[in-house]
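Quick notes on the structure that follows.
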Amino acid sequence: MDKREMRECASAPRSRLWHGAAALLRKLLKRLFFTAGIEILLAIMNLIRCVLACWCVASAVNALAQEVRWGGKASPNCVSSATNLPDNLEAAPLWSQKLGTHQYSIPTVDRGLIFVGSNDSGCTREGYQVNGGSLLSCLEQRSGALLWSFPVPRFLEGTKPPYFFNQWRSGFISAPLVVGDRVFLVGSRGDVLCFDRAGQADGNHPPRLDEVEYMQLHGEHRELNAQDGDLIWQFNMLTELGVSPHDSCGSTILYVDGLLYVNSSNGVDGDHLRANRPDAPTLFVLESKSGKLVAVDDEKIARNILHGSWSSPSYGEAGGKKIIFFGGGDGFMYAFEAVQPNQDGKLQKLKKIWAADCNPPHFRERDGVKLEYSAWNTRVTTGPSEPIGTPVFMDGKVYIAIGQSPLHGLGEGCMTCFDAATGEVLWRNEELNRTLATLTISKGVVYVADLAGDLHAFEQRDGKKLWSANLGGPVQYANVCVADGKLFIGTERNQFWIFEEGREKKVLSVTKLPSAPITAVVDDGVLYIPMQNRLNAYGG
């Protein structure tokens, strides 16, 4: 059975498989009364084979029920073993699904389904009033058909002091995290949401049964149907933690040992002068089953915040410890010990192992003068920046680059490799511009595109630059995707580039798309390109 068949069998109800086994058993019993000898023996062998098949598929279900995010894997490193991918986009897409008008959420592929977030402008759910909110969509991977969706109204209070988020109507930015039969993401209303993977098709699951109220459905269409999402629980960061997100709730959740690690997106106020809630936690931990708060950081990161906090946490094991790596909005990389669930139920404080500046000293101060952080109205090219991409852990090291909002203009960038156990800086390279991207590491090479529109390749062992290529447009919301010996990257000018992977620069193709693409996703011979207004699938 191939990979696609395995996904389909794994996503099928087990009851269907056991029903087949039971039917075969009934046939066997009938034959006991009418036949003998070899026929009975063959029937018994068929029964055994069927039972073994059920056991194998059940094992496959357990094996496939792993954490997946950022495409279809646990790691933020956008590298895939997928093959037979196109080296150009000359052929028409296999399918194309309309989304909204803004889409920054990297789709997650999981067992024949695709989960993707966008804004709500493409929502067609009767009884829902489109108002610049969000939409979570579940698509059939084979055809792109919409199976279920869940619209989230815009949180208008977030646009009023003391809050300053939900201004841009960008919808969900968090990439959906799938663990078993649950889907988790950070909501655009300042909350954490847990959904049933199957939606309402298998019924409405407690404890949250008020989806109609949450979606703010009105009129005669307030009844849930099989095409609606199933919200299991919600954790409100605004009321429970007292945080004040800035611009957007823009991180993806990390799952480790039954716990969810979440960035609160706590940031500066509307005047961009100070944090509204300087002592509120930036990183916190929830139980995945219940949404109960387990732990918070106590680093007071927002006291020194530069702008916002949008980097997603990641995980690795180094120095004999399970470590959570987190890029803070103050420009520092933090390493925390992974939390052990506390049996007494008391709120825990995350234990810091180390913290290290992602900025070289001369980004903070020169000639005894503290350097200014850039802003939309100053657009200075010097000064400190913060990690916005996700830390990438590999072989006892952790890698990160820094950047700022594209509205702040171009400026000095830096990429750093830390010792994951100690925080020691192993190497740095400043030969790039500011970037929002997560680094991609494959076969000893680090790839990253920056706001200036340059794609760079560096040696993983020492950070030495190998080559650069100008892409003809800025790269703001896309990471390099590596698969099948190719590099896939898009720009804000709607271009999609395909390079040959390696230490030498070789362009395979460049294509003009209908709108700006973000990070590409690959799976099972198909290249998925999420754009601002749609998701396209291309075959090899």
Side-chain angles (χ1 to χ4, degrees), residues 69 99-100 102-108 115-121 123 125 128-138 148-159 163-179 182-197 199 207-208 210-217 228-255 260-267 280-288 290-293 308-310 312-313:
R69 57 179 185 166
L99 298 174
H102 294 289
Q103 204 284 104
Y104 305 100
S105 169
I106 300 174
T108 297
F115 299 92
V116 59
S118 65
N119 70 358
D120 66 355
S121 66
C123 181
R125 209 290 185 192
Y128 176 77
Q129 181 64 51
V130 172
N131 69 345
S134 305
L135 183 69
L136 174 64
S137 301
C138 174
W148 62 261
S149 64
F150 193 92
V152 174
R154 187 181 181 202
F155 182 57
L156 295 176
E157 293 302 312
T159 66
Y163 298 120
F164 190 81
F165 72 103
N166 243 341
Q167 308 289 331
W168 312 118
R169 309 186 185 199
S170 52
F172 285 121
I173 295 178
S174 178
L177 161 70
V178 183
V179 183
R182 295 291 180 261
V183 181
F184 306 92
L185 75 168
V186 178
S188 56
R189 297 176 65 87
D191 49 13
V192 180
L193 305 174
C194 170
F195 294 92
D196 176 26
R197 181 179 180 275
R208 192 83 191 230
D210 61 345
E211 286 89 349
V212 168
E213 282 70 28
Y214 189 88
M215 291 187 282
Q216 298 179 16
L217 300 181
D228 288 324
D230 182 4
L231 181 61
I232 304 295
W233 57 254
Q234 171 211 21
F235 179 87
N236 191 319
M237 299 186 294
L238 309 183
T239 58
E240 299 295 327
L241 299 175
V243 301
S244 182
H246 183 82
D247 280 349
S248 63
C249 302
S251 69
T252 293
I253 300 169
L254 170 69
Y255 175 89
L260 306 174
Y261 293 79
V262 189
N263 180 349
S264 70
S265 294
N266 201 29
T282 305
L283 184 65
F284 64 98
V285 186
L286 302 175
E287 286 183 355
S288 62
S290 65
K292 179 183 177 181
L293 183 64
S309 185
W310 303 294
S312 304

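All figures in this text were calculated on a predicted structure; none of them were measured in a lab.
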Residues Cys249 and Gly187: closest non-hydrogen pair is CB-O, 3.5 Å

Checklist entry - Just by modelled atom types, is the Leu156 backbone N or O under 3.5 Å from a matching donor or acceptor in the Tyr163 side chain? => result no

Residues Met237 and Val186: closest non-hydrogen pair is CE-CG1, 4.2 Å

Under a 3.5 Å distance rule, please check whether Ser265 uses its side chain to pair with a backbone N or O of Gly250 as donor and acceptor. yes

request  = Using the six-membered ring wherever Trp is involved, compare the ring planes of Trp148 and Phe195 and label them parallel, tilted or perpendicular (cut-offs 30° and 60°).
outcome  = tilted

Practice prompt. Check for a donor-acceptor pair, side chain of Asn236 on one end and backbone N or O of Thr239 on the other, with a separation under 3.5 Å.
Written response: yes

The salt bridge (charged side-chain N to carboxylate O under 4.0 Å, His left out) partners of Arg125 (sequence neighbours excluded) come to Asp228

Q.
Keeping Thr252 on the side-chain end and Ser312 on the backbone end, is there a donor-acceptor pair under 3.5 Å?
A. no

Review point. Quick one: are the ring centres of Phe184 and Tyr255 less than 6.0 Å apart?
Key: no

Trace of the side chain to side chain contact (heavy atoms under 4.5 Å, CB included) decision for Ser248 with Phe165:
CA-CA 5 Å; Ser248 63; Phe165 72 103; 5.7 Å; no

Scanning both residues in full, the closest heavy-atom pair of Pro176 with Thr108 reads O-OG1, 2.6 Å

Quiz prompt | Donor-acceptor side-chain pairing of Ser121 and Asn119 below 3.5 angstrom | solution = yes

Scanning both residues in full, the closest heavy-atom pair of Ile253 with Val192 reads CD1-CG1, 3.8 Å

>> Parallel, tilted or perpendicular: which one describes the rings of His102 and Tyr104, with boundaries at 30° and 60°?
In response: parallel

Nearest heavy-atom approach of Leu238 to Val243 is CD2-O, 3.6 Å

One should read off an interatomic distance between Ile173 CD1 and Trp310 CH2, to the nearest 0.5 angstrom, of 9.5 Å

Heavy-atom closest pair (Arg182 atom, Cys194 atom, distance to 0.1 Å) is CD-SG, 3.6 Å

Residues at least two apart in sequence or cross-chain that pass ring pair (Phe, Tyr, Trp, His ring centres under 6.0 Å) with Phe235, listed by chain then number, are Phe284

*Are any side-chain N or O atoms of Asn166 and backbone N or O atoms of Ser188, one a donor and one an acceptor, separated by less than 3.5 Å?*
yes

Taken to the nearest 0.5 Å, the spacing of Ser105 OG from Leu136 CG works out to 8.0 Å

